[in-house]
Amino acid sequence: DYIIQNSLYLFAIYYVKESSSYMINFYHNFGNNNLSFYKGYQLFLKVSHDFPVKITSKEVIKIGDLVLELIPLQEGLLNVVNVSNKNAKVVFHPDKKIVTIGRGRECNLCFEEEKNISKIQATLNYLSTFGCWCLKDGDEEKESTNGTWLYALNEYPLFDGMMIAVKNEQLEFTVDA
């Protein structure tokens, strides 16, 4: 196990024999567990183009200067909230299947003014076989330029080559054979 701790964060990387996988878990240490504006969080995972993240509980992503909450609702609905502008909420139905986020006008969630995000920054796909939405960086063909970062609020599987950001440091998770 690898554990890093200070007054703001504590996380662990550990191996789970049953699934033959490494996991990372962030334990927030804020007393009241208030998720106020996410500025205190110090652990981020870079969302991969090849390994989408299942959205089974509330997740928070950072793209450029934007912070978005992804909140799964009943019957496959997905609520997307712009944290800096709580009035900006959109709910997507699972029939939509694919939702694109970026500065391109063709995106379902278009942020034209944001210069630090790609034309298609991230894609959300509804997978009926899993009954949940999945998030991946970029579009069907390529990754975004600056990456999509997930605030580590839950337990997540790690894969070889995954980027982890802790405060001002970026670490690459590798598995030695």
Side-chain angles (χ1 to χ4, degrees), residues 9 11 13 21-24 26 35 37-72 76-86 88-94 96-127 130 132-175:
Y9 59 89
F11 73 91
I13 295 174
S21 63
Y22 285 91
M23 302 294 286
I24 188 167
F26 175 71
L35 301 180
F37 204 65
Y38 310 103
K39 287 192 176 182
Y41 287 100
Q42 302 294 318
L43 179 66
F44 306 89
L45 305 174
K46 188 171 184 185
V47 176
S48 171
H49 181 261
D50 299 321
F51 298 99
V53 174
K54 289 182 186 175
I55 310 297
T56 57
S57 61
K58 180 168 100 174
E59 300 289 358
V60 180
I61 61 171
K62 182 168 178 28
I63 55 173
D65 296 326
L66 289 173
V67 177
L68 303 176
E69 290 180 338
L70 308 176
I71 306 165
L77 298 173
L78 181 69
N79 188 14
V80 180
V81 179
N82 183 343
V83 172
S84 58
N85 179 2
K86 286 286 187 179
K89 298 179 183 180
V90 180
V91 176
F92 292 101
H93 193 276
K96 183 72 178 154
K97 298 284 185 206
I98 297 175
V99 174
T100 53
I101 304 169
R103 64 178 166 78
R105 289 185 180 171
E106 70 279 3
C107 289
N108 303 103
L109 283 175
C110 177
F111 299 98
E112 285 183 285
E113 321 78 46
E114 295 294 326
K115 301 302 177 205
N116 293 327
I117 65 175
S118 296
K119 287 182 182 175
I120 299 179
Q121 178 69 37
T123 306
L124 290 158
N125 297 73
Y126 185 77
L127 302 178
F130 295 114
C132 67
W133 290 86
C134 291
L135 170 72
K136 73 176 184 176
D137 183 56
D139 62 14
E140 296 299 319
E141 297 173 13
K142 63 179 183 168
E143 294 180 347
S144 70
T145 302
N146 296 320
T148 300
W149 292 88
L150 178 74
Y151 286 89
L153 300 175
N154 301 298
E155 179 181 63
Y156 303 93
L158 292 173
F159 56 87
D160 194 43
M162 185 174 206
M163 296 301 297
I164 302 167
V166 181
K167 290 190 90 168
N168 297 326
E169 300 292 324
Q170 285 192 17
L171 312 168
E172 182 176 356
F173 177 77
T174 57
V175 178

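Predicted model, so just to flag it, every value in this text is computed and none were measured.
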For this session: Determine which pairs satisfy salt bridge (charged side-chain N to carboxylate O under 4.0 Å, His left out) with at least one residue from residues 138-152, sequence neighbours left out, and list them in order.
Result: Lys136-Glu140
Output yes when a side-chain donor or acceptor of [X] lies under 3.5 Å from a complementary backbone atom of [Y], and no otherwise.
X      : Y      : value
Asp137 : Lys46  : no
Gln121 : Gly147 : yes
Lys62  : Gly64  : yes

Please report the interatomic distance [atom1]([X]) to [atom2]([Y]), rounded to the nearest 0.5 Å.
X      : Y      : atom1 : atom2 : value
Glu69  : Glu59  : CD    : CD    : 11.0 Å
Lys119 : Thr145 : NZ    : OG1   : 10.0 Å
Phe92  : Asn79  : CZ    : CG    : 9.5 Å
Leu158 : Phe51  : CG    : CZ    : 11.5 Å
Ile61  : Leu150 : CD1   : CG    : 8.0 Å
Ile164 : Phe44  : CD1   : CZ    : 13.0 Å

Heavy atoms only: give me the nearest [X]-[Y] pair and the separation to one decimal.
X      : Y      : result
Val81  : Lys89  : CG2-CG, 3.9 Å
Phe173 : Ile13  : CE1-CG2, 3.9 Å
Ser118 : Ser144 : OG-CB, 3.5 Å
Ile55  : Cys132 : O-CB, 3.8 Å
Asn154 : Lys58  : ND2-O, 3.6 Å
Val175 : Asp160 : N-OD1, 2.7 Å

For this session: For atom CD of Glu169, decide whether the heavy atoms of other residues, nucleotides or ligands shown that lie under 6.0 angstrom number more than 12.
Result: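 At most 12 heavy atoms, drawn from other residues, nucleotides or ligands, come within 6.0 Å of this atom.
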For this session: Show the numbers, then the answer: is there a side chain to side chain contact (heavy atoms under 4.5 Å, CB included) between Glu106 and Thr100?
Result: CA-CA 8 Å; Glu106 70 279 3; Thr100 53; 5.7 Å; no
For this session: Please list, chain by chain and in numerical order, all residues satisfying side-chain hydrogen bond (donor to acceptor under 3.5 Å, both in side chains) with Glu112, sequence neighbours excluded.
Result: Arg105
For this session: Check whether any side-chain heavy atom of Leu77 lies under 4.5 Å from a side-chain heavy atom of Pro72, and answer yes or no.
Result: no
For this session: Under the ring pair (Phe, Tyr, Trp, His ring centres under 6.0 Å) rule, collect the residues that match up with Tyr126, sequence neighbours excluded.
Result: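 Residues passing ring pair (Phe, Tyr, Trp, His ring centres under 6.0 Å) with Tyr126: Trp133.
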For this session: Would you please name every residue forming a ring pair (Phe, Tyr, Trp, His ring centres under 6.0 Å) with Phe130, sequence neighbours left out?
Result: none
Seminar exercise, completed: Those residues at least two apart in sequence (or on a different chain) that pass salt bridge (Lys or Arg N to Asp or Glu O under 4.0 Å) with Glu155 are none
For this session: Starting from the C-alpha separation in whole Å, work towards a yes-or-no answer on side chain to side chain contact (heavy atoms under 4.5 Å, CB included) for Ile24 and Met162.
Result: CA-CA 11 Å; Ile24 188 167; Met162 185 174 206; 5.9 Å; no
Exercise. Under the side chain to side chain contact (heavy atoms under 4.5 Å, CB included) criterion, do Asp50 and Phe159 qualify, and how do the steps go?
Worked result: CA-CA 10 Å; Asp50 299 321; Phe159 56 87; over 6 Å; no
For this session: Begin from the C-alpha positions of Met163 and Leu171 and carry the test side chain to side chain contact (heavy atoms under 4.5 Å, CB included) through to its verdict.
Result: CA-CA 6 Å; Met163 296 301 297; Leu171 312 168; over 6 Å; no
Problem set entry | side-chain contact (heavy atoms from CB on, under 4.5 Å), paired with Leu78, selected from Val90, Val99, Leu124 |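 Considering Val90, Val99, Leu124, a side-chain contact (heavy atoms from CB on, under 4.5 Å) with Leu78 is found only for Leu124.
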Problem set entry | side chain to side chain contact (heavy atoms under 4.5 Å, CB included) partners of Asn82, counting only residues at least two apart | Leu66, Leu68, Ser84, Asn85, Ala88, Phe111
